[in-house]
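Heads up: the structure comes next, in structure tokens.
Predicted model, so just to flag it, every value in this text is computed and none were measured. What you see below is based on every heavy atom in this structure, not just the backbone, and it leaves out hydrogens, waters and symmetry mates. Here is how names work: the chains are called A, B, and so on, in the same order as the sequence lines, proteins then strands, and each is numbered from 1.
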Amino acid sequence: MENEYKPASFEAAWTKKWAQQGLYSTPEQVADKPKVYILDMFPYPSGAGLHVGHIEGETATDILSRFMRMRGYRVLHPMGWDSFGLPAENFAIKSGVHPHETTEKAIKTFKQQMDRMGFSYDWDRELGAHREDYYRWTQWLFIFLYNKGLAYRAKAPVNWCPSCQTVLANEQVEEGMCERCGTEVIQKEMEQWFFKITDYAQRLLDDLQKLDWPESTKLGQKNWIGRSEGMIIPFAVADSKDTIEVFTTRPDTIFGATYMVLAPEHPLVSKIITDEQKEEIQRYQQTTAHKSSLQRSGLEKQKSGVFTGASAINPANNQKIPIWIADHVLMTYGTGAIMAVPAYDERDMQFAKQYDLPIEKIELTKSKEEMTEWLVQKRMGKKSVQYKLRDWLVSRQRYWGAPIPMIFCEQCARSTGLQGWQPVADTDLPVTLPTDVDFKPTGESPIAYSKTFQKGVVCPKCGSVEARREVDTMDTFVDSSWYYFRFADPHNQSAFASKEALKKWLPVDTYVGGAEHTVLHLLYARFITKALYDAGYLAFDEPFTQLRHQGIVMGPDHRRMSKRWGNIINPDDEVDKYGADTVRLYEMFMGPLKDTKAWNTEGIQGIYRFLKRVWKLAEKVGGTLPADVHQEQQKILHKTISYAQEAIPKMMFNTTVSKYMELVHSIAKEDTIEVDTWNTFLTILAPFAPFMTEELWARQGHAESIHKNTWPRLQKKLLEESTVTIPVQINGKIRGTVTVSAQEEEQEVITAALQVPLVKKHLEGKQIVKTIYIQGKILTFVV
RNA sequence: GCCGCGGUGGCGGAAUAGGCAGACGCGCAGGUCUCAAAAACCUGUGAUGCUCAAACAUCGUGUGGGUUCGAUUCCCACCCGCGGCACCA
């Protein structure tokens, strides 16, 4: 009874001891060992604490890290916090508690929970996006991009909630409504900072092929970048000197173009319209400008348009075609103008029918390629490649983020025209986030109301006091676009990371996180990496060599975990009940890492039972087995080792656990367990169940941690089977088996098979037409 | 609408260079222990037929076809579920 498995009695003590020993600190100078960098996606430290989904991915990387250490690699396995962001700020608006306080508190909880799970992070390298020594380098990155011409300021439509009087991030707009108050969100033009990710569109597309990522994720990126090849063809405006360029991927259909459509924001709209049309068009433009993102994103199927009164000349056949304006044509893609070919485009057809426009069913005489060449030769158009990808809008009219390190100088603006914006001098970084702000939404950045933020600001270029800081902060995706560099050298005061440290650890070898980051985070990180690579800061241009996603963990009722359903599994409760090892093992056993799977309250007990059984087995350790039993057991042991070392790097944890269970069944059958077998088993189980194995290891009298063991050497000889059991088929149906030696000749196997009673019976009175034998696999008679 | 992923016992899932479908776990049933229960342990567990059992046979991996000695795995058509994108010319 005293030897009952009570994880609570030793898990916390080991966590403490491991930390004291610095067991998981990253090896710095181990020149002869290969490196591996295993990383989890930067978690947002929410007030709700770590959930079972976090734990799933983090357990996977922890097992992999522990395994790789045992295999002789030096492993970098760090953790940090994506700690800027909206939830803390929204909470501050409601409660008045400063986001810094909320965030630090949440981090503390997260860290405790992770420690409790036995995750082997090197906490000396912990970092947080909201800490000054981190965002100082986020700001450096902004200035770096600005200096390279990759950050610029421009007018852009933003989401605006008229009720909350604030700009919303895209994530805060749910089906066209403000997530907080439910008011319809409108589009508003504001001056914003952008990163020029579009410069990298082609490379971001091309380099996907060199990555070991899930195909679906690569495809998601590919679609998001959205490359399409076509032509830009200028159409002359009738009775005018103006031309309108259209982009088309179907130049072969140009003879069927019966009208043209411009985006409402198209610059030529105001120029070409006739006076009679002016009012109608202005009214139209106003209604479309106020349309919510819901309608603009096409969820409203009905199209609407208005005729300009002007016409254009189709260069291919000199036909006069009417010019329309409609908001289903986007100013942000192509040229903001299209030639409409209703006969070959469903949308054009819909619009044509709606407004009774001509539809011409023409015959296509040339292929797309031929027509492209023909138009190029006739100088009627030029080849063009367009991307859906747009530049990255990084400005946020929000408090809880890294201040954009730019200063606007009136003096400079006057003397140099547009050059009013100046980057903050490197020596003045960080631009510290002020604390004297009001979080209540006012329509302007909360920082604008700080009394201290603009104090003593002078222009970094001319020294003028007519200077004021940018009051917007950066999108939190900027924080997470470069954090993996910082882990290589987290305390560096003179660079985001030293070249040596980067060379030592980067790129990330294995990256694990949720599939919801398929597009944005991963694309941004790749872009930043390429920009830094081009400037010579990095020796690689892709940050994450191998990427894997963990699936969603659903509630026991197979629904998404949510307060609404009351089906949330709190990992703390589970650890209280069963201990961390059980929770770890269960999360891995539930199914393949990438799959969506439901938590099963009874299923976890099966794992608990398994660990209790292992615990009890320790009592049997010590004796010697008869030679033949020993031999048999060694075979099973080494088969398990073989399976595990193949499967763990592939993150096939569920089947590895089941192989361990089979091994336990096998060794539990005997009255005694040999010490060597036991030690080997504990060692291979240690990455999965670090607490129990450490405790049992220590109880055996070992002074050193089991986690310093090396992975057992596989004895390949033991894997070779001397005999095999071969199924015997007749016309594809199994009728029996024969056990023969592995190297047996075909003729001998057939002879043996013919002796099997059932086979004999089924062959009776039949003619064997053909016999197929596959060495050591199967024997088939065709009759 | 387009793209992607998936459909295997009562449940989570194993097994695909085509070769004994259902490993492992849960649940369930029976048993051991117990005054009893829990825990633990042992046995059985895809369906159907053969009036117990064993043995045997037939069917069986979403549906319908095809290739093959042999298909969960390959090919064609379809149905259902999940996820992403959303008027991108």
Side-chain angles (χ1 to χ4, degrees), chain A residues 4 214-220 222-224 226-228 230-231 246-250 253 257 260-261 263 294-303 326-330 332-341 344-348 350-351 386-390 515-516 518-519 551-552 554 558 585-586 589-592 594-607 609-610 612-613 616 652 654-662 664-665 668 725-737 757-758 761-762 768-772 774 776-783:
Chain A
E4 219 181 316
E215 281 308 314
S216 56
T217 303
K218 289 197 205 177
L219 216 94
K222 191 181 160 211
N223 293 340
W224 189 265
R227 180 193 151 103
S228 51
M231 293 188 82
V246 302
F247 173 71
T248 179
T249 54
R250 295 294 306 277
T253 65
M260 178 187 273
V261 186
L294 170 77
Q295 288 161 311
R296 288 189 71 90
S297 68
L299 284 166
E300 188 182 81
K301 284 282 168 265
Q302 185 76 7
K303 295 190 195 316
D327 67 345
H328 71 270
V329 174
L330 309 171
T332 48
Y333 184 77
T335 58
I338 62 159
M339 63 175 206
V341 187
Y344 290 94
D345 186 288
E346 258 182 66
R347 294 156 303 173
D348 293 347
Q350 191 201 338
F351 192 78
Q386 298 290 330
Y387 301 89
K388 286 191 212 171
L389 182 69
R390 298 205 240 145
E516 68 276 15
T518 297
V519 177
I552 300 161
M554 311 288 265
H558 294 246
L585 223 60
Y586 177 62
F589 187 67
M590 285 170 81
K594 66 172 189 330
D595 285 13
T596 300
K597 43 216 169 263
W599 189 274
N600 184 320
T601 9
E602 264 142 6
I604 189 170
Q605 291 180 40
I607 293 291
R609 231 169 267 159
F610 167 67
K612 278 196 283 191
R613 215 172 292 145
K616 247 184 134 182
M652 290 158 58
N654 56 330
T655 49
T656 304
V657 174
S658 75
K659 297 287 176 196
Y660 284 7
M661 287 171 170
E662 288 180 70
V664 166
H665 285 315
T725 300
I726 292 169
V728 182
Q729 292 185 331
I730 296 165
N731 281 357
K733 281 206 190 330
I734 306 291
R735 296 300 178 186
T737 58
L758 255 175
K761 193 183 132 196
H762 283 273
I768 296 174
V769 192
K770 205 168 147 194
T771 308
I772 303 159
I774 293 151
K777 279 251 164 152
I778 200 158
L779 176 69
T780 296
F781 294 112
V782 185
V783 297

Open item on the list: Could you go through A:Met554 and A:Thr596, starting from their C-alpha distance and side-chain angles, then the distance that decides it, and tell me whether this counts as side-chain contact (heavy atoms from CB on, under 4.5 Å)?
Closed with: CA-CA 7 Å; A:Met554 311 288 265; A:Thr596 300; 3.6 Å; yes
When the [atom1] atoms of [N] and [M] are considered, how many whole Å apart are they?
N	M	atom1	result
B:C3	B:G22	C1'	33 Å
B:U72	B:G66	P	15 Å
B:G46	B:A39	P	24 Å
B:U73	B:U61	P	9 Å
B:A71	B:A21	C1'	11 Å
B:G31	B:C79	C1'	46 Å
B:C52	B:G44	C1'	16 Å
B:G25	B:A14	P	15 Å

For [X] and [Y], which heavy atoms make the closest approach, and how far apart are they?
X	Y	value
A:Val657	A:Ile607	CG1-CD1, 4.4 Å
A:Val329	A:Gly336	CG1-O, 3.6 Å
A:Thr601	A:Gln605	O-NE2, 3.5 Å
A:Thr253	A:Val341	OG1-CG2, 3.5 Å
A:Asp348	A:Met339	OD2-O, 4.0 Å
A:Ala598	A:Met590	O-CE, 3.2 Å

Reckon [X] touches a base, only the sugar-phosphate, or nothing at all at heavy-atom distances under 4.0 Å?
X	value
A:Arg735	sugar-phosphate
A:Lys388	base
A:Thr332	nothing
A:Leu758	sugar-phosphate

What integer distance in Å separates [X]:[atom1] from [N]:[atom2]?
X	N	atom1	atom2	result
A:Asn731	B:A71	CG	P	11 Å
A:Gln605	B:G25	CD	C1'	12 Å
A:Glu516	B:G83	CD	P	13 Å
A:Asp327	B:A89	CG	C1'	15 Å
A:Tyr660	B:C24	OH	P	17 Å
A:Lys218	B:G83	NZ	C1'	20 Å
A:Phe610	B:G25	CZ	P	9 Å
A:Lys733	B:A57	NZ	P	10 Å

Open item on the list: Both A:Glu602 and A:Arg250 contact RNA chain B. Taking the nearest nucleotide for each, which residue is further toward the 5' end?
Closed with: A:Glu602
Sequence-distant partners of [X], side chain to side chain donor-acceptor pair (under 3.5 Å), two or more places apart:
X	value
A:Thr335	none
A:Thr725	A:Thr739
A:Thr780	A:Gln729

Open item on the list: Please classify B:G13 as syn or anti, treating any glycosidic angle within 90° of 0 as syn.
Closed with: anti
Go through the structure and list residues passing salt bridge (charged side-chain N to carboxylate O under 4.0 Å, His left out) with [X], not counting sequence neighbours.
X	value
A:Lys612	none
A:Lys218	A:Glu215
A:Arg227	A:Glu229

Output one line per pair: protein atom, nucleotide atom from nucleotides 2-7 of chain B, and distance, for all N/O pairs under 3.5 Å.
none

Open item on the list: Just to be sure I follow the notation: if a pair is Watson-Crick (purine N1 to pyrimidine N3 plus N6-O4 or O6-N4) or a G-U wobble (N1-O2 and O6-N3), each under 3.5 Å, what dot-bracket string does RNA chain B give, with | for pairs to another strand?
Closed with: (((((((..(((......[....)))((((((.......))))))((((......))))..(((((..]....))))))))))))....
Taking OP1 and OP2 of [N], is either one under 4.0 Å from a side-chain nitrogen or oxygen of [X]?
X	N	value
A:His665	B:C41	no
A:His762	B:A57	yes
A:Tyr333	B:A89	yes

- [ ] Would you check if A:Arg250 and A:Met231 make a side-chain contact, meaning some heavy-atom pair closer than 4.5 Å?
- [x] no
Task: Sequence-distant partners of A:Thr655, side-chain contact (heavy atoms from CB on, under 4.5 Å), two or more places apart - done: A:Tyr643, A:Met652, A:Ser658
TODO: Sugar-phosphate means primed atoms, P, OP1 and OP2; the rest is base. With that split, encode nucleotides 42-47 of chain B 5' to 3' as B, S or - using protein heavy atoms under 4.0 Å.
DONE: ------
TODO: Could you run through nucleotides 9-23 of chain B and give me one letter per nucleotide, 5' to 3': B if any protein heavy atom sits under 4.0 Å from the base, S if only the sugar-phosphate is that close, - if neither?
DONE: ---BSS----BB--B
- [ ] Using the test ring pair (Phe, Tyr, Trp, His ring centres under 6.0 Å), find all partners of A:His762 that sit at least two apart in sequence or belong to another chain.
- [x] none
